[in-house]
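The figures here come from the full heavy-atom set of this structure, side chains too, leaving out hydrogens, waters and symmetry mates. In the text below, chain A, chain B and the rest are named by the order of the sequence lines, each starting its count at 1. Note that the structure is predicted; figures quoted are calculated from it, not measured.
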Number of protein chains: 4
Amino acid sequence: MINIGVIGYGYWGPNLVRNFIEVPGVQVSMVSDFSLERLNKVQERYPKIRVTTNSHDLFADPQIDAIAIATPVSSHFDLALAALKAGKHVLVEKPMTPSSEQAMRLIDEAKRRNLVLMVDHTFVYTGAVQKMRELVANQGLGDIYYYDSVRVNLGLFQHDVNVIWDLAVHDLSMMDYVLQAHPYAVSATGMSHIAGEPENIAYLTLFFAGNLMAHIHVNWLAPVKVRRTLIGGNQKMIVFDDLEPSEKLKVYDKGITLNGSSENLYKMLIGYRTGDMWAPKLEMTEALRVEAQHFISCIEHGKQPITDGEAGLRVVRILEAATESLKKQGRLIELDLAEVAA
Amino acid sequence: MINIGVIGYGYWGPNLVRNFIEVPGVQVSMVSDFSLERLNKVQERYPKIRVTTNSHDLFADPQIDAIAIATPVSSHFDLALAALKAGKHVLVEKPMTPSSEQAMRLIDEAKRRNLVLMVDHTFVYTGAVQKMRELVANQGLGDIYYYDSVRVNLGLFQHDVNVIWDLAVHDLSMMDYVLQAHPYAVSATGMSHIAGEPENIAYLTLFFAGNLMAHIHVNWLAPVKVRRTLIGGNQKMIVFDDLEPSEKLKVYDKGITLNGSSENLYKMLIGYRTGDMWAPKLEMTEALRVEAQHFISCIEHGKQPITDGEAGLRVVRILEAATESLKKQGRLIELDLAEVAA
Amino acid sequence: MINIGVIGYGYWGPNLVRNFIEVPGVQVSMVSDFSLERLNKVQERYPKIRVTTNSHDLFADPQIDAIAIATPVSSHFDLALAALKAGKHVLVEKPMTPSSEQAMRLIDEAKRRNLVLMVDHTFVYTGAVQKMRELVANQGLGDIYYYDSVRVNLGLFQHDVNVIWDLAVHDLSMMDYVLQAHPYAVSATGMSHIAGEPENIAYLTLFFAGNLMAHIHVNWLAPVKVRRTLIGGNQKMIVFDDLEPSEKLKVYDKGITLNGSSENLYKMLIGYRTGDMWAPKLEMTEALRVEAQHFISCIEHGKQPITDGEAGLRVVRILEAATESLKKQGRLIELDLAEVAA
Amino acid sequence: MINIGVIGYGYWGPNLVRNFIEVPGVQVSMVSDFSLERLNKVQERYPKIRVTTNSHDLFADPQIDAIAIATPVSSHFDLALAALKAGKHVLVEKPMTPSSEQAMRLIDEAKRRNLVLMVDHTFVYTGAVQKMRELVANQGLGDIYYYDSVRVNLGLFQHDVNVIWDLAVHDLSMMDYVLQAHPYAVSATGMSHIAGEPENIAYLTLFFAGNLMAHIHVNWLAPVKVRRTLIGGNQKMIVFDDLEPSEKLKVYDKGITLNGSSENLYKMLIGYRTGDMWAPKLEMTEALRVEAQHFISCIEHGKQPITDGEAGLRVVRILEAATESLKKQGRLIELDLAEVAA
């Protein structure tokens with residue numbers, strides 16, 4: 001039996017509690033939150049779970065094996081560090097931390113203590129992203145040319161982080177997993193349209209070794225909601241539309257063909273190839289349920305999570321660099337993710 | 001009666017001939033093309049039109065008042081200059097010229113000779129773009145925050161120009177007309193995925209004075225065709241989807257509301273407002289027909305075309321700068337369009 | 001303070017409890033269900049609500065003013081009759097009863113006792129249906145020509161009622177309210193594809209006085225989900241797509257124009273008129289909440305509900321007649337709804 | 001070399017000429033039409049084709065082997081009969097004739113003279129319909145349960161035939177080919193909304209042996225254009241949307257599963273099965289080109305066309321019966337297509 005403590009019972013915490021409870025061999029022992037009103041909700045629905053306004057009660061409880069942190073990003077570092085120091089495994093919301101230095105510090109702490117440190121990149125555990133990863137890994141698309149994602153809608157404006165930290169974090173975490181490749185630099189542009197508020201629209205270009213590139217468009221001020229990712233390979237291409245009620249993922253057997261020798265480029269003939277489209281059936285289990293099981297399995301078997309601290313760090317590093325580039329109107333900012341990945 | 005000569009009878013020339021013929025008071029006198037096969041087609045369909053393989057026959061013909069040029073971009077400058085020097089009004093395909101210097105040279109020549117110089121930015125003459133211009137001009141959207149356009153599909157790869165010159169030219173010419181504002185700088189990223197070929201994917205960010213920005217995404221290697229423009233204003237927002245069979249233009253009465261004083265930003269409350277959506281009926285006359293009439297009308301009344309040489313120059317200047325920025329991975333390149341606009 | 005009792009806590013009962021609780025001046029006093037497990041859920045979530053396995057406890061409780069019945073249709077008549085005899089106002093699930101005779105019996109009982117009898121035609125209380133009613137009532141569409149509705153998807157097969165009683169009941173109740181006109185006859189076709197099971201596909205045509213007709217297509221065995229209603233008027237037309245995430249209701253300023261005299265019909269010229277499309281903002285309050293408030297308001301002010309027993313009866317009468325017609329492969333079955341409406 | 005004559009150069013005739021010309025071994029010799037203006041167009045575009053206002057010139061010309069008839073339906077019988085009597089093979093527009101008696105008369109005449117008689121059911125020759133036929137024939141869908149088709153839009157009202165003869169003829173000809181099964185009876189409903197004009201909205205239900213049924217919805221007065229066919233099988237299901245720019249045909253691996261014995265029906269459990277969706281690549285050759293080649297091939301090799309006179313007759317018989325049923329508000333009208341098919 002693994003005992004879990006949950007810090008933060010606002011928007012996401014209830015989902016963590018609900019999903020961890022359903023994992024066999026897991027017990028949610030304690031929930032902490034500043035708000036008594038929220039803690040009342042915990043007690044109403046789960047009378048056996050202890051509640052506290054003091055997160056240190058969780059660190060101090062010897063029966064608690066692991067702690068899930070679902071608080072605002074500014075508190076992630078302190079809480080996660082305290083949890084690790086108390087010998088607890090940690091699952092922390094995304095973005096992992098407000099800075100890459102803090103993320104590295106947490107990774108070090110977890111390694112030294114041999115504890116599991118996992119970042120809650122929830123979308124990675126959806127059936128659609130798992131299937132995209134499988135297609136890319138099996139060379140089902142051929143060589144990958146580009147990854148292009150759009151995530152726009154009206155609201156919800158954040159006051160403390162810009163739209164990159166709020167929305168692009170989803171795309172970056174999915175891309176990190178699907179491509180298993182790390183960009184070496186980023187160029188970002190964007191703008192705030194409300195005086196004094198963080199940027200509400202942004203465009204990120206990510207450069208990879210070889211001829212792979214990625215682009216992410218995020219916007220809090222769009223008239224329509226779009227959640228669409230294109231992945232172009234030299235053999236097949238994917239359209240992932242997360243708003244479709246079914247057939248979210250479509251694989252197109254389309255591309256170009258080249259005839260001619262590379263010495264004689266002007267005579268090279270580019271042809272177009274179209275074939276079947278295929279929408280594979282996707283696993284429909286709730287992503288957070290899959291993720292909760294994975295976290296427990298990593299604890300039980302000493303495995304590295306697929307969204308480990310390093311994955312969290314890579315995403316934070318890109319968020320930092322993108323925000324810097326955005327301030328400088330697209331100036332290229334280099335990333336050192338190769339080391340991170342090592 | 002105004003006599004028109006047409007140079008080039010490949011993809012676009014036949015459309016020019018067909019539309020000019022239908023304008024009252026216009027006669028298409030002569031067509032030139034290198035290809036005898038194409039000229040045969042002219043004669044089959046329009047026995048009264050004279051044909052020639054030598055474009056100088058058009059310049060030399062005293063009866064010809066105006067010349068429309070529908071040849072590859074590399075020949076635009078020489079042909080347009082010769083036509084102007086021969087005293088002919090000129091309608092030239094987009095992009096106007098391969099360089100902004102050449103575009104300026106043509107503008108000067110036309111001005112000195114008091115001739116009409118018009119660039120064939122066809123989409124400007126569609127009902128949808130005319131309606132967007134009207135909505136922006138009448139403050140129907142409020143202050144404009146952003147212009148975001150996507151133009152992607154599979155093919156047709158060009159060998160001589162990159163995807164910016166091929167596809168973004170449409171968006172830039174539409175944006176130039178709809179916004180009537182000129183960006184001061186551009187940052188572009190992109191890539192070629194076929195060795196030795198021009199860039200087939202590109203992303204452009206355009207910076208304007210105030211808090212207006214624009215972004216254009218063009219791609220020759222996408223699995224699906226997208227032609228979609230979002231325009232965000234602080235009162236209303238537009239979605240223009242050119243692939244919709246009807247209701248291409250939708251106006252959303254959506255936006256944010258601000259409560260609180262600007263001194264106390266952290267207390268500022270951002271609310272969301274949604275209202276009706278409205279798809280205005282659009283004028284359905286073929287754009288090229290409208291454009292042909294406008295060209296003739298400018299000649300007859302000595303008016304400046306709405307897509308004049310200056311508009312053509314501004315677009316070329318952005319294409320040049322975007323290509324330079326793309327080579328430098330997003331480096332900001334300044335534009336001097338204010339002077340151009342003057 | 002009005003006290004409500006709820007019978008049945010399966011699929012729909014929890015929604016009734018949740019919504020009635022939020023209506024000011026209302027208290028949910030007691031819930032009955034055969035299942036102790038379900039009653040436990042009531043107690044967990046609402047400790048103040050009394051529970052019982054015997055619905056007669058609700059009839060016998062002098063404090064209970066009104067009873068909401070959310071049980072299988074076969075039990076509606078007995079429960080509603082007992083409730084009325086006990087002097088309680090009644091809200092009963094749709095379809096109101098398995099036969100029109102039973103529906104008439106309930107209407108009589110309620111009238112004699114001066115009690116409110118309301119049928120839970122939930123969709124009538126959605127913003128979309130309210131708006132459609134408003135447009136039809138205000139002659140916004142002109143004369144109505146047809147009402148055409150499609151409600152198909154895969155599942156859930158019922159064992160005790162056919163697809164008409166399960167799905168067409170929604171369309172019939174919406175149509176009854178929107179058109180405020182009553183068909184005089186029905187022709188229906190359909191089929192069962194699973195031996196021994198009720199019909200899983202059906203098509204209903206409803207004939208009205210004048211040149212109005214309606215058609216409903218329902219199917220439990222369709223590969224895609226469709227929820228779409230067209231209403232054609234001689235001035236405007238509506239498309240209501242309930243699966244759209246936003247802009248569910250679209251009003252098209254489209255139609256035909258007639259030129260010529262009616263004496264000379266063969267010379268009559270039919271023209272086509274297209275104008276703007278408009279998607280009005282819809283009230284988004286949960287329909288059941290609106291309905292619960294309406295039920296309470298009818299009790300407090302002695303009003304007739306907009307989905308009263310007569311509306312329930314009209315729908316049941318059509319369901320009966322349609323099922324009879326279906327068995328006879330489309331034979332026209334007359335309805336006597338004019339009396340019902342009186 | 002096979003010589004073709006074409007009667008009628010209105011809407012469809014030019015497509016026949018254009019496509020026959022491109023079939024190897026075929027020459028279009030003569031075109032007849034009442035209108036000199038139309039004949040001038042023939043001569044302008046095809047100077048070698050002879051023209052005449054008298055269709056008898058085609059019958060009398062010994063060099064002409066086959067005649068294609070693209071005139072209003074009221075003239076089909078006389079023209080086709082004259083052509084057959086003159087020993088010409090015949091391709092006639094759909095609907096084949098205004099009555100089934102006339103269709104039978106043409107079939108007899110062609111048989112006796114050993115001539116090819118083919119009906120221009122163009123959609124049968126599209127890649128989509130060919131693929132649907134292949135899927136049904138190969139048992140790719142399992143047992144077929146239903147065929148449901150919707151063909152609605154605004155306009156074009158016909159004065160001489162109702163919407164069934166104008167639009168449903170397409171669905172009936174496609175269905176006849178795809179299912180290769182013949183309905184034994186039809187029930188139809190519909191209405192005219194314009195005094196003195198034919199019915200502009202209609203719904204047809206077709207009954208087949210076993211548990212197969214079909215339904216067709218046609219409407220000249222709809223605010224949106226729909227061209228959608230569902231085919232439900234017990235193993236897979238098809239959605240064919242002819243308005244999609246690509247992936248017009250989608251095959252869903254969806255259906256129900258049955259557990260339990262047929263003796264104990266109430267205990268039978270119906271489960272739902274969902275799998276991949278697949279959009280096969282479709283042959284994109286213009287349907288009329290494929291059809292023209294097929295007609296020529298039938299002439300050259302003495303084959304029976306896949307849309308032969310019997311197919312044309314079956315469609316006409318259903319159109320007749322459906323119109324009769326419509327007048328009688330859905331009364332079931334029996335068909336004797338089994339004999340026709342023999």
Participant: Examine whether an atom of V226(B) lies under 4.5 Å from a heavy atom of chain A, and if so say whether it belongs to the side chain, the backbone or both; otherwise answer neither.
Facilitator: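 Only the side chain of V226(B) comes within 4.5 Å of chain A.
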
Participant: Is the shortest side-chain heavy-atom distance between Y145(B) and N200(A) below 4.5 Å?
Facilitator: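 Side chain of Y145(B) against side chain of N200(A), heavy atoms only: no contact under 4.5 Å found.
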
Participant: Measure the shortest side-chain to side-chain distance between I270(B) and E197(A) over non-hydrogen atoms and say whether it is less than 4.5 angstrom.
Facilitator: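 The answer is yes, as the side chains (C-beta and beyond) meet within the 4.5 Å cut-off.
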
Participant: Would you mind telling me which of G330(B), P223(B), G271(B), A185(B) has the largest number of heavy-atom pairs within less than 4.5 Å of chain A?
Facilitator: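 Among the listed options, the one with the most contacts to chain A is P223(B).
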
Participant: Would you say CZ of R331(B) has more than 12 non-hydrogen atoms from neighbouring residues, nucleotides or ligands within 6.0 angstrom?
Facilitator: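 No.
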
Participant: Verify the neighbour count for atom CZ of R228(A): are there more than 12 heavy atoms of other residues, nucleotides or ligands below 6.0 Å?
Facilitator: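 Result for CZ/R228(A): open.
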
Participant: Rounded to the nearest 0.5 Å, what's the gap from CD on Q329(A) to CD1 on I333(B)? Could you check?
Facilitator: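 Rounded to the nearest 0.5 Å, the CD-CD1 separation comes out at 12.0 Å.
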
Participant: Are more than 12 heavy atoms, taken from residues, nucleotides or ligands other than Y272(A), located less than 6.0 Å from that residue's OH atom?
Facilitator: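 Above 12, so yes.
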
Participant: Taking CZ in R227(A) as the centre, count heavy atoms belonging to other residues, nucleotides or ligands within less than 6.0 Å. Is the count above 12?
Facilitator: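 Yes - once you tally the heavy atoms of other residues, nucleotides and ligands closer than 6.0 Å, there are more than 12.
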
Participant: Pick from I238(B), V224(B), T274(B): which one has the most heavy-atom pairs with chain A under 4.5 Å?
Facilitator: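 Going by pairs under 4.5 Å, I would pick V224(B).
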
Participant: For chain B, find which of L332(A), D148(A), I231(A), D253(A) contributes the most heavy-atom pairs closer than 4.5 angstrom.
Facilitator: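 Ranked by contacts with chain B, first place is D148(A).
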
Participant: Might you point out which heavy atoms bring L230(A) and A222(B) nearest each other, and give the distance in Å?
Facilitator: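 Reported closest heavy-atom pair: CD1-CB, 4.4 Å.
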
Participant: If contact means a heavy atom pair closer than 4.5 Å, which residues of residues 212-220 of chain B contact chain A?
Facilitator: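 Only L212(B), M213(B), H215(B), H217(B), N219(B) of residues 212-220 of chain B have a heavy atom under 4.5 Å from chain A.
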
Participant: Does any heavy atom of chain A fall under 4.5 Å from the side chain of R273(B), the backbone, both, or neither of them?
Facilitator: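 The backbone, not the side chain.
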
Participant: Taking every heavy-atom pair that is under 4.5 Å apart, which of L154(B), T205(B), N234(B), V152(B) has the most such pairs with chain A?
Facilitator: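 Most pairs with chain A among the choices: L154(B).
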
Participant: Which pair of heavy atoms, one from M237(A) and one from L221(B), lies closest together, and at what distance?
Facilitator: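 Minimum heavy-atom contact is SD-O, 3.2 Å.
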
Participant: Given a strict heavy-atom distance threshold of 4.5 Å, which part of S325(B) is in contact with chain A: side chain, backbone, both, or neither?
Facilitator: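 No part of it gets close to chain A.
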
Participant: Go through the atoms of F157(B) and report whether side chain, backbone, both or neither lie under 4.5 Å from a heavy atom of chain A.
Facilitator: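 The answer is both parts of F157(B).
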
Participant: What do the steps show when you test T189(A) against F207(B) for side chain to side chain contact (heavy atoms under 4.5 Å, CB included), and what is the final call?
Facilitator: CA-CA 9 Å; T189(A) 57; F207(B) 295 93; 3.7 Å; yes

